Amino acid sequence: MTRTVLETPRLRLRRMTPSDMYALSCILRDERVMYAYNGAFDETETAEWMQRQLRRYEEYGFGLWAVTKNGSDEMIGQCGITMQQYKDALVPEIGYLLAYGHWHKGYATEAAAACREYGFRTLHFDTLYSIIRDTNIPSQKVALRNGMVLVDTIVKHYRGADMPHLVYRVDKIKTPTL
């Protein structure tokens, strides 16, 4: 078993390893899950996705982590913090993607909230973002439940298409010093 990064009452988030490739492939190759990405990934895109996560761990010390239910090592999705381009800067973004059979159970909200706290307390970010396709209403609802507010709209060019995205942000609450 790999090292746990975060734990919630129901979930454990850990670094992905190449042994998670089958579970990751099942998630990324599911049209229902990947509609916001303009369709399911093929084998090459899935392998590239995994390699990108492993590079993020090396480069930043964080990335998208495997989400498992407590007591199991079976990967049911991913959630974590990645550095994403927004305007002229790289910003820390909370992202989440769960296998279809685990939707509507509160797992994305629970994992995203844990990532928010980790981003503020451990990584010492003052602001966190979620950049979500305009058609992805469930992910927008997760961002709102995670205390985020809509601050901008942008267009991303991805997989041969221009895709409108909504930019959500949450700021670290600063306590006044006496």
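Since the model is a prediction, treat every value here as computed from it, not as a measurement.
Between G147 and V170 the shortest heavy-atom distance is O-CG2, 3.5 Å. Nearest approach of A40 to E45, heavy atoms of both residues: O-OE1, 4.2 Å. The two residues Y96 and I132 make their nearest non-hydrogen contact at OH-CD1, 3.6 Å.
Side-chain N/O atoms of R169 and T127 include no donor and acceptor closer than 3.5 Å. Under the 3.5 Å distance criterion, with hydrogens and angles disregarded, a donor-acceptor pair is assigned to the side chains of E110 and T8. No donor-acceptor contact under 3.5 angstrom links the side chains of R10 and N70, judged on distance only. One side chain, R145 or T109, offers a donor N or O that lies under 3.5 Å from an acceptor on the other. Judged purely by distance below 3.5 Å, without hydrogens or angles, the side chains of N136 and Y35 pair a donor atom with an acceptor atom.
Taking the six-membered ring where the residue is Trp, the centroids of Y129 and Y86 are separated by under 6.0 Å. Checked against a 6.0 Å centroid threshold, the rings of W49 and Y37 count as neighbours.
Inter-residue side-chain proximity for L98 and Q78 is flagged as unmet; no heavy-atom pair is nearer than 4.5 Å. T122 has its side chain out of reach of F62: every pair of non-hydrogen atoms, C-beta onward, lies at least 4.5 Å apart. Looking at I137 and K141, their side chains come closer than 4.5 Å, going by heavy atoms from C-beta outward. Taking the side chain as every heavy atom from C-beta outward, L13 and T4 never approach each other to under 4.5 Å. You'll find the side chain of I154 reaches within 4.5 Å of the side chain of I131, heavy atoms only. L97 is listed as a side-chain neighbour of M34, based on a closest heavy-atom distance under 4.5 Å.
Counting only distance, with no hydrogens or angles, the side chain of Q85 and the backbone of K87 share a donor-acceptor pair below 3.5 Å. Of the possible polar contacts, none joining the S130 side chain to the A143 backbone as a donor-acceptor pair under 3.5 Å is found. Judged by distance alone, the side chain of R15 and the main-chain N or O of A66 form no donor-acceptor pair under 3.5 Å. One N or O on the side chain of H165 and one on the backbone of M163 form a donor-acceptor pair closer than 3.5 Å. Side-chain atoms of D162 do not come within 3.5 Å of backbone N or O of H157 as any donor-acceptor pair. Side chain of D42 to backbone of T44: a donor-acceptor contact under 3.5 angstrom is found. Distance alone, capped at 3.5 Å, is enough to place a donor-acceptor pair between the Q140 side chain and the R133 backbone. A donor-acceptor pair under 3.5 Å is absent between the side-chain atoms of Q53 and the main chain of M16, judged by distance alone. Without hydrogens or angle criteria, S72 side chain to E74 main chain gives a donor-acceptor distance under 3.5 Å. Although no hydrogens or angles enter the test, the distance criterion places no donor-acceptor pair under 3.5 Å between the side chain of D20 and the main chain of A23.
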Stepwise side-chain contact (heavy atoms from CB on, under 4.5 Å) check, Y168 with D152: CA-CA 7 Å; Y168 290 85; D152 201 0; over 6 Å; no

From CA spacing to verdict: side-chain contact (heavy atoms from CB on, under 4.5 Å), R14, D73: CA-CA 9 Å; R14 60 167 175 77; D73 205 41; 2.9 Å; yes

Given the rule in the side-chain contact (heavy atoms from CB on, under 4.5 Å) test, do M75 and V67 qualify, once you have shown the distances and angles that lead to the verdict? CA-CA 6 Å; M75 182 175 157; V67 176; over 6 Å; no

Given side-chain contact (heavy atoms from CB on, under 4.5 Å), test L64 with I81 step by step and report yes or no. CA-CA 6 Å; L64 291 177; I81 300 171; over 6 Å; no

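Both I27 and Y107 belong to a common hydrophobic cluster when Ile, Leu, Val, Met, Phe, Trp and Tyr are linked at side-chain heavy-atom distances under 4.5 angstrom. By the rule that hydrophobic residues join a cluster once side-chain heavy atoms approach within less than 4.5 Å of another member, L128 and V91 end up as members of separate clusters.
Ion pairing of R121 with E117 is present here, as a side-chain N (NZ or NE/NH1/NH2) and a carboxylate O approach within less than 4.0 Å. Using a 4.0 Å cut-off between a side-chain N of Lys or Arg and a carboxylate O of Asp or Glu, K156 and D134 do not qualify as a salt bridge.
Note that R29 lies outside the cation-pi zone of F41, set by a 6.0 Å cut-off to the ring centre and a 45° limit from the axis.
The aromatic rings of Y118 and W65 sit perpendicular, their planes meeting at an angle over 60°, well past the 30° parallel limit.
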